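Just so we're on the same page: letters track the sequence lines, and every chain starts at 1. A quick note: this is a predicted structure, and the numbers were derived from the prediction, not measured.
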Amino acid sequence: MPDDSSADHEATQPFGVAPRTTDGSEQPEVGNKVGDGDGADGDDMEQSRELPPPPLPPRPSLHVPSSRPPASGSFRLSKRTSRPQLLSQPTTALSVADVHTQGRGENATATSSSASRAVSRKHSASHSGRFLGNSDSGGEDSASVISYAPTLDARLDGESLLGDVPAEATTPAWRALSAQIERDNPFETVPPESDVATLQIQHEFDEIGSVDAHGSNEETLLEAWKTKLKHFFILSASGKPIYSRHGDDQLISNYIGIAQTIISFYQGADDPLRGFTAGGARFVMLSKGPLNLVAVSRLGESDAQLRTQLESLYMQILSTLTLPSMEKMFSNRPSTDLRRPLQGTDVLLDGLADGFTRGSPSTLLSALECLRLRKTHRRAINDTLLRVRSPNLLYGLIVAAGRLVSVVRPKKHSLHPGDLHLIFNMLFEAGSVRAGGGENWIPLCLPGFNNTGYLYMYVSFFSTSERDGSGPHERPAATGGKDDELAIVLISAQKEGFYELRKMRDDLVEQLENNGSMDVIKSAIRKGHASCSDIVPGTVLRHFLYKSRGNVQFTMPSFEPYFHGLGHRRKLMSLYQTLHESIHSRTAHLKVQHCVGRDATALAWETPLFELYCVAGPQATRASLAQGANRIVQWIRREEERVFIIGGAVF
Amino acid sequence: MAARMQQGGRPGGARFAQFKLVLLGESAVGKSSLVLRFVKDQFDDYRESTIGAAFLTQTIALDDQTTVKFEIWDTAGQERYKSLAPMYYRNANCAVVVYDITQASSLDKAKSWVKELQRQANENIIIALAGNKADLVAEQPDKRAVQTADAEAYARESNLLFFETSAKTAENVKELFTAIAKKLPIEQASQRGMRGPAGRPGGVDLGNRQEAGSAGGGPGGCNC
C-alpha cells in the first residue's frame with residue numbers, strides 16, 4: 001500500500017470549501033481530554049463534537065516529524081499514544097494538532113456525514129476496548145496489516161485500529177513493515193542524494209538483450225531485469241505469456257510460470273488474488289476474461305492506480321482485436337497463443353507501459369490536455385471542422401504536440417478519455433505512425449466507444465516547425481520531435497472511407513490556412529506550456545495539475561525550470577500520485593490535503609467541479625501555498641474557455 | 001492546395017501519369033523500409049511495425065518527357081490485417097510483393113500473395129517480386145535462405161518482375177520502381193487526360209486531380 005507515512009496531512013478549509021466538519025478544528029480540545037482512551041464508551045466523544053470549532057491554528061513550528069495522526073473519526077484515541085513515538089521521523093511537520101491523515105484504512109463505516117461519524121467513533125472506541133483484552137486479533141474492519149502485529153503495544157491500539165502505519169514504530173517488526181511501505185513516499189525515502197528511483201529510472205527503458213545460445217549471459221540479464229522499477233505481464237488464463245515489458249520469453253518464463261501458479265491457486269479457491277507486496281515491490285493482478293494482467297511496481301503507486309494502468313493495457317489489446325474476436329479465439333482454443341494475433345502491437349503496449357513508468361498526468365487524472373487557444377480562435381477552428389465535415393465522419397480531432405486542439409463529434413457520442421489515450425499513445429509514443437512520414441489508414445477498435453467492432457482512422461501528420469508550405473504529407477520524418485507536430489485524425493465507421501476523409505483533411509487544412517487558424521495553432525504549439533510564474537506571478541508554486549471534472553480535461557504549467565529531466569519528473573509524478581490517492585482512495589473523505597516533506601510541500605484540493613494538485617518548494621508556507629492555489633483557480637476561471645475545450649464542435 | 005495549382009503548363013510532349021502501387025508481404029520483410037528508401041531515401045535500423053496501412057506518394061522521372069507518380073499503399077504484414085488487403089490491391093495498377101532472402105518461409109507467403117493478386121486484383125496488374133535484405137547476405141553469405149536462381153525462376157514462370165534489393169544500402173530500390181514504371185501503360189494513362197488509368201473508381205479522382213496539378217510544375221522538379 002502506498003502511503004504518506006511521513007507526509008503530514010490535514011483537513012482544513014482555506015478555500016471556503018466545505019471541509020469535513022469536525023476534523024482538525026476540534027482536535028485540540030478532544031485531545032486534551034483524552035488520557036484514557038481505552039475503553040471509552042463514546043459519550044465524551046459525542047460531547048466533544050458539540051464543541052464549537054476553534055479557528056485553525058497558525059502554522060506551527062513544532063518539530064514533530066511524521067506524526068501519524070489518526071484519521072478523523074477517532075483521533076483522540078491515538079493522539080496521546082502516538083505522540084511519544086513521533087520523534088524518530090525526520091520530516092518537518094505540522095503540529096499534531098492540526099494534522100490529519102487521509103484516513104486510509106479508517107473504519108469502513110466512517111463517512112463524511114456527522115451522523116455516521118459518531119457511529120464510527122463509537123465503533124472504534126469499542127474496538128479499542130476489545131483490543132486491550134485481545135491485543136493480537138485486532139479490529140475486524142480496520143484491517144490494516146499492522147493491526148495484527150503481535151508486538152503491538154496495547155497503548156497504540158487507537159492508532160492501529162485506524163489502520164495507519166505507525167511510522168514511529170520501534171519494534172523490528174514494525175520497522176520491517178513500515179520500511180517497505182515508506183519506500184513509496186517521495187518525500188522521505190527519496191532524499192535527493194540517494195534517490196534510487198531517480199537514478200534507476202535513467203536506465204529503466206534500456207533494452208534487455210536476449211539470452212544467447214548457451215545461456216551464459218542469463219545471469220547478467222536477469223540482474224538487469226530485476227533492477228527495473230516496473231514490470232507489466234500479460235498472460236492468458238492457461239498461463240501462456242502474451243506480453244512482458246522487459247525481458248524475452250526465455251528469460252522470464254520461470255517468472256511467468258510462478259505468476260501463473262500463484263494466480264490460478266487463488267482463482268481455484270474462488271478468491272482471486274488482487275495484490276501483494278514483496279521485496280519492496282507492489283504486485284497487482286487484474287483478471288479480465290481470458291487474460292490475467294500483472295503489474296509489479298517499485299514506484300509507489302496505489303493499487304487503484306496500478307489497476308487503472310492494467311485496464312489501459314487491456315483496452316489496448318481490445319483495441320487491436322475487439323472483445324468478441326478475442327473471446328472467440330479463446331473459446332475455440334483455450335491454449336491460443338495471443339502473441340500471434342497481437343504481433344506488432346508490442347510497441348503500443350510498451351508505449352503505454354513506459355508512459356505509466358514515466359508518470360503521465362493524463363493517465364493519473366484520466367483526463368486530456370488541450371492546447372491553450374483564445375476562445376475566438378478555437379471557435380473558428382470548430383466552425384471550420386463543422387463546415388468541412390464529410391458525411392461518414394464519426395470523430396475528428398486536431399492534436400498538437402499530444403494536446404487536443406479541437407474535436408468534432410456527433411451530439412450523442414462523446415469521446416471516451418481512455419480511447420483518446422490509446423489514440424494519442426499510438427500517434428505520439430509508438431513511432432511507426434509518425435515515422436511513416438505519410439498518411440495512415442488504421443483499423444482500430446475504440447473499446448470505450450464500442451468494444452465489439454472496428455472503426456477506421458485516417459491520420460495525417462505534419463510538422464509545424466516548417467513553414468515553407470511544402471504540404472502536409474511532406475513532413476520530414478524522424479527529425480522534429482513530437483513536440484512540434486500536428487496530427488489530423490479523422491475516424492469513420494467506413495472501411496473504404498480513406499479517400500473521403502483524405503479530401504476532408506485537404507479541405508480542412510486549406511481552410512485553416514486561409515482563415516489564419518493554422519498560424520494560430522502553430523504559434524500556440526511553439527509557445528509551449530506557460531511556466532507557473534507566468535500564470536501566477538510571484539507564486540511559491542512550482543507546478544500544478546488542475547483537472548476540470550465536467551470537461552474531463554486537465555491543464556498544467558511547464559515542468560521547467562524545476563522539474564528538468566526524467567528523474568525529477570518521475571519524482572514529481574510520484575508526489576502527485578500520493579496526493580491523488582489521498583483524496584481518491586476508497587476510504588478517503590478529504591477535500592483538502594496539505595503535505596509537507598523534505599523537498600516539497602504540496603496541496604491537493606477537491607471540489608465537485610475540479611481537482612487541483614499544487615507543489616511548492618519545501619520552505620513554502622501553508623498560507624502561501626493556499627494563496628497560490630486560490631490564484632490558480634481564479635486564473636482557470638478567467639481562462640476556462642482557453643485551456644479547456646468546452647463542448648467542441650458538435651453535429 | 002496542390003489541387004489549386006495550375007493544371008496545364010506542361011511543356012509540349014511531356015507525359016505524366018499516376019498509378020496506384022501496393023506493397024504486400026509477410027511482416028518484417030522490409031516493406032516499409034523499401035518505401036522509406038524510395039520516397040525519402042532514408043533508412044531506420046529499428047523500425048516499428050506498420051500499423052494498418054500507410055499511404056505515401058513519390059514521383060519519378062523516367063526521362064525528360066515522362067513523369068510517373070506512384071500512390072503507394074504500404075500495408076502491414078500481420079495476419080490480422082489480411083482481410084483488409086483487397087481494399088488496397090483492388091484498384092492497384094502495380095504491386096510489389098516482398099520477401100526476406102534470409103527467411104525461406106517469407107517467400108512462401110510472397111507466393112501466396114502473388115496467387116491472390118493474380119486471381120483477385122486488376123487483371124493487368126504489374127507485379128514485382130522483391131527479395132529484400134540483400135545487405136545481410138552480402139555481409140554473411142551463409143544467411144541466405146532463398147537462392148537467387150530459385151526466386152528468379154519462380155518470377156519468370158509467374159511473369160513477375162524480379163529484384164533482390166536492400167533498403168539499407170539502397171541496392172536495386174530505385175531500379176525496382178523504375179522497372180515497374182516502365183512497364184506501366186503510361187501512354188494510355190496520360191492520354192486519358194489526367195483521369196488516371198482505366199478502371200479506377202470515382203473516389204480516386206480527387207487524388208488524381210491533385211497529383212496531376214502538383215506535377216504540373218514540370219518533370220524536372222519532380223525528380224527524387
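When heavy atoms are compared at a cutoff of 4.5 Å, A/Met457 does not approach chain B at all. There is no contact between B/Tyr46 and chain A, counting heavy-atom distances below 4.5 Å. With a 4.5 angstrom heavy-atom cutoff, B/Ser32 does not touch chain A via any of its atoms. Interface remark: B/Ser83 contributes backbone atoms only to the contact with chain A (heavy atom separation under 4.5 Å).
In this structure B/Asp45 satisfies the salt bridge (Lys or Arg N to Asp or Glu O under 4.0 Å) test together with B/Lys168, sequence neighbours excluded. With sequence neighbours excluded, no residue satisfies ring-ring contact (aromatic ring centres under 6.0 Å, His included) with A/Phe232. Residues forming a ring-ring contact (aromatic ring centres under 6.0 Å, His included) with B/Trp113 (at least two apart in sequence, or on another chain): none.
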Test side chain to side chain contact (heavy atoms under 4.5 Å, CB included) applied to B/Arg80 and A/Thr345, step by step: CA-CA 11 Å; B/Arg80 66 174 176 279; A/Thr345 61; 3.2 Å; yes

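In this structure the side chain of B/Phe55 never reaches within 4.5 angstrom of the side chain of A/Tyr458, judged on heavy atoms. When side chains are defined from C-beta on, A/Phe498 counts as touching B/Trp73, because their heavy atoms get closer than 4.5 Å. Residues A/Gln343 and B/Ser27 have side chains in contact (heavy-atom distance under 4.5 Å, counting atoms from C-beta outward).
To the nearest 0.5 Å, atom CD of residue A/Glu496 and atom CZ of residue B/Arg90 are 4.5 Å apart. Atoms OG1 and CH2, from B/Thr75 and A/Trp441 in turn, are 15.5 Å apart once rounded to the nearest 0.5 Å. Note: B/Ile51 CD1 to A/Met426 CE = 4.5 Å, rounded to the nearest 0.5 Å. The distance from the CD atom of B/Glu79 to the CG atom of A/Leu342 is 13.5 Å, given to the nearest 0.5 Å. Considering NZ of A/Lys495 and CE of B/Met87, their distance stands at 7.5 Å, rounded to 0.5 Å.
Looking at every heavy atom in both residues, B/Ser49 comes nearest to A/Gly344 through OG-CA, 3.4 Å.
Residues of residues 442-452 of chain A placed with any heavy atom under 4.5 Å of a heavy atom in chain B are listed by number as A/Ile442, A/Pro443.
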